[in-house]
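Nothing fancy with the numbering, it's 1 onward along the sequence. Scope of the values below: all heavy atoms of this structure, side chains included, with no hydrogens, waters or symmetry mates.
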Amino acid sequence: MLLFWSVAVFADSSESEQDAWTLAAEKFVVKQQAFSELTLDSEAQMIPEIILEQISQSFSREIPDEEILRRKQNKLLVDRLSLFLQLSKEVKSRDALVVSEQKEKRLKKKIAVAEKKIEQIKTKIDENLEESRRLDEESEEKASLEKKDDEKKVERGAIYKKDSLFCASSEAKEQGYESFAFSKVAESEGVQGLICGTISPFGDYVSVRATLRVFPSGAVAGSVTEVGSLSDCVQIAKNLARSLMPLLSNSMPIHVFFDVEPQEAKKNISITLDDVVFPEFQNEFLLDAGIHTFCVSADGFDTETFSYNFKDESNFSVKVNMNETKNGNIEVYLKKSMAGTVFANGVFAGDIDDFQRTASVKINGKNIIGQFCVRVPDEDGEEKTLSSYFFIPAKKVFDGDFVSFRASPVDTDVLIDKSRRRMYTSYTLMVLSLPAAFYSYGKFDSARQSYNLGYSDDAEYVRKWQNYTWGFFGLSALFCVNFTIQLSRYLHDASKVLPVTAKKAKSVENIKKISETADENESKDGDSE
């Protein structure tokens, strides 16, 4: 049992409810060395793809004030550029009126309208510039006062177009990552973070440098470097992804206080944290925010493995309750003797027949799902497998116990398909019989009312449609009963795929005697030979 509780809480703001912060990666650049014939084109494509796969699980990141300021300033800049283009268009349109409009009165009127639009655009540009100056002043004031917010602004992370790398135009690349043109391309693709990198080969080894850039400015958030063998680029990418996580989360480290119960499990314990093995017990870990996997193993106890997304809080307490390993064997037999093969949790347990009545199944303190298989010939003379499933609850069996179950091997696919077809056919017949029943009832009701009101004196006609009504409604009722029966049979047949619960045997003397007799017969046959 795993328990998590927080010691210190860190609050989210409304920023976390915004659209996800999208991370992308582009194909790495290979720095070709002199006299080297290595192209490394596939590695340059594969390494960033693996990095994104390793980071594909949900992550969150804290937004620094500088990045928030850059986002706001970039939005204001985009608005100013749009306003400037509008201003240029309106000025050109106003100047063109002098040539296109001949009448002076109408010219003055149109120029006045154009001047009004131009002034409105100028006012918006001035307001935009004033807002930009105000943001700069607020940023400088915060920096001078060294003010720190108690609440961290957090946003959810996402991966750009899974299984696809980001590729900017050659014009944007020529102007550089920090250019407005590149930021515009990234913004159009919805990319706020970009992993770019270089690969430098040295003989059979490579040095890979990955850099995280944050947009809209294209500023470098950090870089990490990894050196490894060319034959193990997958491990290089995994190490780079692990090193990039602190830059992505952009948050303070997480303190995890670790404990294990019972205390005896701590004596010979091994803790694996994200593929890093700690051969001795350690009660405190310092981690980066994000998803981490623990694997705890100890002699005499079952191994416990779990993952958790450590985020939004600065301290965690983790307690692992280890369960003692319960190893042993139980004997499984059939209530009705039948020849076949027994599997337990997908592992072969033994063959059963009239002489060998039991199969030995290993237990380890966990529930067991078993399968009993029988090989029988089909209609074409070929053999097919029929199965029957059983369930052994861990809490009710112990080493040396005998358990039994009633096996009913059937071809469940064929059985369910036949039952489904019968059910659909009966439903169709029931539905098709209703129009005739309602039609005959309508004719009967119309004839009866006409006869009662004196419009008709043909009593035989009324009696005829009354008989038709009873007959058709009786037929519909019969089809309805048949549909109910077929539906019940279908549900009963479909439930045969569910395992039956094996029960602990109260007396196993007969089973033991049969097994001993089988052993004696085998030994006699061996002596005679």
Please check if any side-chain donor atom of [X] sits under 3.5 Å from a side-chain acceptor atom of [Y], or the reverse.
| X | Y | answer |
| --- | --- | --- |
| Glu90 | Gln86 | no |
| Ser419 | Arg422 | yes |
| Thr303 | Ser297 | no |
| Asp41 | Gln45 | no |
| Ser456 | Ser450 | no |

So, do [X] and [Y] sit near enough that their side-chain heavy atoms are less than 4.5 Å apart?
| X | Y | value |
| --- | --- | --- |
| Phe294 | Thr305 | no |
| Leu81 | Phe180 | yes |
| Ile271 | Val277 | no |
| Gln449 | Asn452 | no |
| Leu40 | Leu230 | yes |
| Lys443 | Thr469 | no |
| Ser179 | Tyr177 | no |
| Ile51 | Ile195 | yes |

Can a donor-acceptor pair be found, under 3.5 Å and without considering hydrogens, that links the side chain of [X] to the backbone of [Y]?
| X | Y | value |
| --- | --- | --- |
| Ser446 | Gly442 | no |
| Asn128 | Leu76 | yes |
| Glu189 | Val191 | no |
| Thr123 | Glu119 | yes |

Does the pair [X]/[Y] count as a salt bridge with the N-to-O cut at 4.0 Å?
| X | Y | result |
| --- | --- | --- |
| Lys72 | Glu131 | no |
| Glu104 | Lys108 | yes |
| Arg420 | Asp417 | yes |
| Glu127 | Lys124 | no |
| Glu130 | Arg133 | yes |

Worksheet item: Counting only heavy atoms not in Lys464, do more than 12 fall under 6.0 Å of its NZ?
Response: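 More than 12 heavy atoms, drawn from other residues, nucleotides or ligands, come within 6.0 Å of this atom.
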Fill in: Tyr441 atom OH, over 12 foreign heavy atoms within 6.0 Å
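No, because the 6.0 Å sphere around OH of Tyr441 holds 12 heavy atoms or fewer from other groups.
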Worksheet item: Under 30°, 30 to 60°, or over 60°: which ring-plane class applies to Tyr160 and Phe166, parallel, tilted or perpendicular?
Response: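 Because their plane-to-plane angle is over 60°, the rings of Tyr160 and Phe166 count as perpendicular.
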Worksheet item: Aromatic rings Phe182 and Phe215: how do their planes relate, parallel, tilted or perpendicular, breaks at 30° and 60°?
Response: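 Phe182 and Phe215: parallel rings.
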Worksheet entry | Phe258: which of Tyr308, Phe278, Phe285 passes ring-ring contact (aromatic ring centres under 6.0 Å, His included) |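 Between Phe258 and the candidates, ring-ring contact (aromatic ring centres under 6.0 Å, His included) is satisfied uniquely by Phe285.
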Can you tell me how far the [atom1] atom of [X] sits from the [atom2] atom of [Y], to the nearest 0.5 Å?
| X | Y | atom1 | atom2 | answer |
| --- | --- | --- | --- | --- |
| Ser183 | Glu178 | OG | CD | 8.5 Å |
| Phe444 | Gln466 | CZ | CD | 4.0 Å |
| Asp493 | Leu415 | CG | CG | 4.0 Å |
| Trp465 | Ser440 | CH2 | OG | 7.0 Å |
| Cys480 | Ile485 | SG | CD1 | 10.0 Å |
| Ile50 | Lys238 | CD1 | NZ | 8.0 Å |

Worksheet item: Please walk me through it: do Asp259 and Val320 pass side chain to side chain contact (heavy atoms under 4.5 Å, CB included)?
Response: CA-CA 6 Å; Asp259 195 16; Val320 181; over 6 Å; no
Discussion item. Between Leu52 and Leu165, is the side chain to side chain contact (heavy atoms under 4.5 Å, CB included) condition met? List the steps.
Written reply: CA-CA 9 Å; Leu52 288 182; Leu165 295 180; 4.3 Å; yes
Item to complete: Please identify each residue that fulfils ring pair (Phe, Tyr, Trp, His ring centres under 6.0 Å) with Phe483, with sequence neighbours left out.
Response: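 Residues passing ring pair (Phe, Tyr, Trp, His ring centres under 6.0 Å) with Phe483: Tyr427.
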Fill in: ring pair (Phe, Tyr, Trp, His ring centres under 6.0 Å) partners of Tyr451, counting only residues at least two apart
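Residues passing ring pair (Phe, Tyr, Trp, His ring centres under 6.0 Å) with Tyr451: none at all.
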Worksheet item: Do the ring centers of Phe473 and Phe438 come within less than 6.0 Å of each other?
Response: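 So the answer is yes for these two rings.
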Closest non-hydrogen atom pair, [X] against [Y]:
| X | Y | answer |
| --- | --- | --- |
| Asn482 | Ser426 | ND2-CB, 3.3 Å |
| Ser476 | Met430 | O-CG, 4.4 Å |
| Ser132 | Arg80 | CB-NH1, 3.9 Å |
| Ala172 | Val185 | CB-CG2, 4.0 Å |
| Ala237 | Ile47 | CB-O, 3.7 Å |
| Glu304 | Asn323 | OE2-ND2, 3.7 Å |

Discussion item. Please determine whether salt bridge (charged side-chain N to carboxylate O under 4.0 Å, His left out) holds for the pair Asp95 and Lys92, giving the CA-CA distance in whole Å, both sets of side-chain angles, and the decisive distance to 0.1 Å.
Written reply: CA-CA 5 Å; Asp95 295 341; Lys92 291 179 180 178; over 6 Å; no
Would you give me the side-chain donor-acceptor pairs under 3.5 Å for residues 219-227, sequence neighbours excluded?
| from | atom 1 | to | atom 2 | distance (Å) |
| --- | --- | --- | --- | --- |
| Ser223 | OG | Thr211 | OG1 | 3.0 |
| Thr225 | OG1 | Arg209 | NH1 | 3.1 |
| Glu226 | OE2 | Asn239 | ND2 | 3.4 |

Practice prompt. Using the side chain to side chain contact (heavy atoms under 4.5 Å, CB included) rule, take Glu280 and Ile269 through it: C-alpha gap first, then chi angles, then the decisive distance, then the call.
Written response: CA-CA 6 Å; Glu280 296 181 355; Ile269 197 170; 6.0 Å; no
Worksheet item: Between Phe472 and Ser433, does a side chain to side chain contact (heavy atoms under 4.5 Å, CB included) hold up when you go through it step by step?
Response: CA-CA 7 Å; Phe472 282 120; Ser433 67; over 6 Å; no
